[in-house]
Amino acid sequence: MTLLFGGFGGVGTPPTLVDCLIESGVKDVRLIGNDAGFPWIGIGKFVCLKRAVSLVASHIGSNPIAGQLMHDGELKVEFSPQGILNERIRSGGVGLNGFLTEIGKGTLLAENKPIVTIDGKEYLYEAPLTGDIGIVYAKKADPFGNLVFDKTARNNNPLIAMAAKTTIAEVEEIVEWGALDPEEIIVPGAYINYVVASRGINWKWIWEIRGN
Amino acid sequence: MTLLFGGFGGVGTPPTLVDCLIESGVKDVRLIGNDAGFPWIGIGKFVCLKRAVSLVASHIGSNPIAGQLMHDGELKVEFSPQGILNERIRSGGVGLNGFLTEIGKGTLLAENKPIVTIDGKEYLYEAPLTGDIGIVYAKKADPFGNLVFDKTARNNNPLIAMAAKTTIAEVEEIVEWGALDPEEIIVPGAYINYVVASRGINWKWIWEIRGN
Amino acid sequence: MGDSRQLIAQRAAKEIVSGMIVNLGIGIPSLIPDYLDPSNRVFFHTENGLLGFGPTPAENPDWTLSNAAGYPVSIVEGGIYFDSTISFGMIRSGRIDLAVLGSLQVSAAGDLANWIVPGKRVPGVGGAMELAYGAKHLIALMQHCEKNGKPKIVRKCTLPLTATSCVKRVITEMGVFDIDPQHGLTLTEVMPGFMVSDLRNHTEADFILSENLNGENHD
Amino acid sequence: MGDSRQLIAQRAAKEIVSGMIVNLGIGIPSLIPDYLDPSNRVFFHTENGLLGFGPTPAENPDWTLSNAAGYPVSIVEGGIYFDSTISFGMIRSGRIDLAVLGSLQVSAAGDLANWIVPGKRVPGVGGAMELAYGAKHLIALMQHCEKNGKPKIVRKCTLPLTATSCVKRVITEMGVFDIDPQHGLTLTEVMPGFMVSDLRNHTEADFILSENLNGENHD
């Protein structure tokens with residue numbers, strides 16, 4: 001199973017759905033998301049259980065255990081520049097077949113990537129990313145699954161929501177038909193298959209532990 | 001000069017800026033936008049003056065004069081499927097170098113387009129579009145140029161706003177710093193160079209003439 | 001014939017059930033909403049950037065709330081505005097349950113031609129190619145023949161294609177056909193007043209008869 | 001040396017003027033805001049999806065309002081939230097006036113290495129490659145030498161690159177260098193307490209002296 005997860009350093013990663021994932025016993029999961037969270041935050045909790053076989057991410061700096069698993073060959077990590085990763089997920093989500101970019105040319109991350117020449121100039125080809133299941137976190141959903149987000153907890157959630165075959169949204173509040181302003185909805189319900197109520201954040205943030 | 005214009009059938013095309021364009025006397029303009037408007041609506045007013053040399057659009061069906069100019073060789077028209085056109089503008093606006101798609105394969109619109117083969121499968125390459133000047137229409141702007149839109153008058157304006165070197169937003173209302181909800185802003189002011197107050201729609205819509 | 005257009009729209013309306021996300025093309029498909037049960041919760045999608053539009057308001061139409069043809073509409077509860085990239089992302093990635101498009105020709109293999117008549121009409125393709133590519137289910141509506149009597153359901157399209165192998169069902173004033181890769185073109189319904197022989201006479205492509213076809217229409 | 005980091009940040013703060021859109025990387029660049037005049041209207045961009053963030057609130061920090069490092073911030077008037085594709089679209093398309101990044105090595109040609117030390121730290125690249133590619137102006141901050149004294153301004157980077165020919169200015173606790181394709185590496189300022197000879201001794205790459213360089217620092 002390929003699982004796309006929303007969130008940036010755990011902010012915007014759905015805590016209740018991560019716990020469901022852990023409780024489900026699922027393993028051999030191919031993960032796609034911005035990062036590996038922290039060992040006790042976000043997707044990090046799942047990664048540390050060694051139940052992911054691979055991760056496509058922009059960095060794993062905040063989760064040293066993920067780094068150790070990668071080093072030990074227990075977790076295959078593919079690094080993608082952060083914005084390129086977001087665009088690859090978006091490309092899958094909007095039904096396109098990848099894109100060309102100069103970002104990463106001449107670096108380690110260009111290795112194994114197809115080179116496409118257009119008008120005599122070379123670009124890297126970046127493949128679209130999609131998944132079987134997408135888990136996202138939002139502030140509110142209506143019964144159609146329309147989503148609004150909360151400040152920077154939006155981050156990559158709108159892209160993740162579009163790119164999975166089946167998307168589950170964990171929300172702080174489920175509201176009635178017509179309760180959301182149609183102008184401020186970020187993700188149309190057409191992309192959302194299930195909505196679940198959040199049980200709330202059940203971890204301490206790094207700044208709660210270390211101070212600001 | 002390449003000019004990108006927002007709007008869909010004239011809805012969301014900035015009326016005051018189109019008049020400025022006409023009054024400016026500029027000619028030999030390369031236009032990029034969804035369509036050719038109607039002869040008396042939106043960009044159509046400018047197109048009918050024969051001051052555009054080319055147009056990239058998804059259709060010109062609502063402007064028979066544009067069709068005649070194309071037929072007479074006075075306006076070079078490149079048709080792009082509507083969503084592909086939007087993505088080409090977006091690709092330019094977000095600093096990517098075009099994308100691959102299957103849309104249009106095996107059709108007239110695939111002619112002259114580069115074919116890129118990835119994993120044995122052929123895709124059309126769609127080039128990014130950018131422009132010197134972009135003109136968009138929005139409901140409100142604050143002094144930074146943050147924009148909010150009005151219902152379906154949003155359409156392709158957010159993409160156009162990102163894809164031009166210099167973008168001018170025509171708005172119904174200019175509001176104070178802090179007057180816009182940061183959650184509902186659609187286009188960040190970072191993309192907007194100038195804001196002008198609209199003098200309002202100065203044409204009759206087709207449904208006002210023909211009835212609904 | 002205005003009447004046959006209404007008949008086609010009325011029949012096509014039966015394809016739409018509550019909960020669906022539907023895109024209706026210009027021409028005959030735009031007549032469909034008149035034949036729908038208003039109690040159904042159907043989300044109509046329009047390319048310019050709205051999912052969940054309702055009828056034209058009786059009073060005070062608003063130019064900033066319009067469909068892809070530029071005519072005023074309303075928005076239903078749960079409807080959403082978005083920009084054109086989201087609108088087409090939704091189409092290409094298969095979030096449109098049903099697209100109903102007007103058509104110029106449909107081939108037995110489901111190829112669709114509906115955007116250009118060379119030398120005559122060159123309006124441009126609009127969103128048709130993407131709807132043909134991305135909609136989960138695509139129904140083509142058209143009058144069975146051209147004004148000069150020439151069949152429009154053909155072995156191979158002579159007009160430039162919109163997309164290949166995309167049409168799943170064709171509805172005309174004479175009948176309903178399904179198209180699938182295994183069985184090809186299959187006549188599934190004969191419209192009132194017509195016989196299978198009429199369809200044979202006015203359809204260029206070969207077709208088989210559905211087992212479920214009402215016997216009374218056989219000759 | 002905490003002190004030299006603060007000195008670098010203090011000097012770098014002078015690069016930021018009112019009206020700029022600025023992205024500050026992690027490490028030394030994150031210390032810069034302490035040295036800015038708060039009356040300046042600077043829009044700070046953070047990759048996770050916010051343009052216009054302000055200081056950490058003194059009370060009631062909000063986990064849904066944070067910077068790319070996950071720490072709480074505030075939002076200024078005119079600030080905007082957006083998704084990560086808009087965030088990086090802004091970067092790649094040149095809407096960031098200035099990016100200030102921490103660095104491991106910078107070459108005389110402006111090549112930047114700041115994301116990986118093979119065999120040691122493999123945190124991943126984050127947004128550095130795109131900032132290096134897209135920002136209108138890129139300043140690299142670093143302590144002049146490694147702990148073992150090895151120079152970090154080098155002829156050719158030995159660490160894996162983030163991007164080539166992207167750094168326009170380098171600020172260390174010893175001096176400020178400009179890099180441009182025509183003149184290469186140019187020393188433009190010597191920091192208090194150092195002489196040009198100190199910089200010659202601790203810089204691997206060759207450099208020329210700016211005409212505007214303050215004479216008193218010459219040996």
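Source: prediction; values computed, not measured. Reminder, nothing fancy here: chain letters follow the sequence lines and each chain counts from 1.
- Between B/Phe144 and D/Ile80, some side-chain heavy-atom pair lies under the 4.5 Å cut-off.
- For the pair D/Glu15/D/Val100, no side-chain contact is recorded, criterion being any heavy-atom separation below 4.5 Å from C-beta on.
- Neither the backbone nor the side chain of D/Leu50 comes within less than 4.5 Å of any heavy atom in chain B.
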*List the steps and the verdict of side chain to side chain contact (heavy atoms under 4.5 Å, CB included) for B/Leu21 and B/Val26.*
CA-CA 7 Å; B/Leu21 192 68; B/Val26 67; 3.8 Å; yes

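- For B/Ile185, the parts sitting under 4.5 Å from any heavy atom of chain D are the backbone and the side chain alike.
- Within the 4.5 Å cutoff, the side chain of D/Asn212 has no heavy atoms near those of the D/Thr188 side chain.
- Other residues, nucleotides and ligands contribute over 12 non-hydrogen atoms within 6.0 Å of the CG atom of D/Leu36.
- Each of D/Gly78, D/Gly94, D/Gly79 has some count of heavy-atom pairs under 4.5 Å with chain B, and the biggest count is that of D/Gly78.
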Quick one: donor-acceptor pairs under 3.5 angstrom, chain D versus chain B?
residue: D/Gly78; atom: O; partner: B/Asn146; partner atom: ND2; Å: 2.7
residue: D/Tyr81; atom: N; partner: B/Pro182; partner atom: O; Å: 3.4
residue: D/Met90; atom: N; partner: B/Tyr191; partner atom: OH; Å: 3.0
residue: D/Arg92; atom: NE; partner: B/Val94; partner atom: O; Å: 2.8
residue: D/Arg92; atom: NH2; partner: B/Val94; partner atom: O; Å: 3.2
residue: D/Ser93; atom: OG; partner: B/Gly93; partner atom: O; Å: 3.2
residue: D/Arg95; atom: NH1; partner: B/Met162; partner atom: O; Å: 3.2
residue: D/Arg95; atom: NH2; partner: B/Met162; partner atom: O; Å: 3.0
residue: D/Arg95; atom: NH2; partner: B/Ala164; partner atom: O; Å: 3.0

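- In this structure, the side chain of D/Gln143 does not engage the main chain of D/Glu173 through any donor-acceptor pair within 3.5 Å.
- We find the CD1-CG distance between D/Ile16 and D/Leu24 to be 5.5 Å, quoted to the nearest 0.5 Å.
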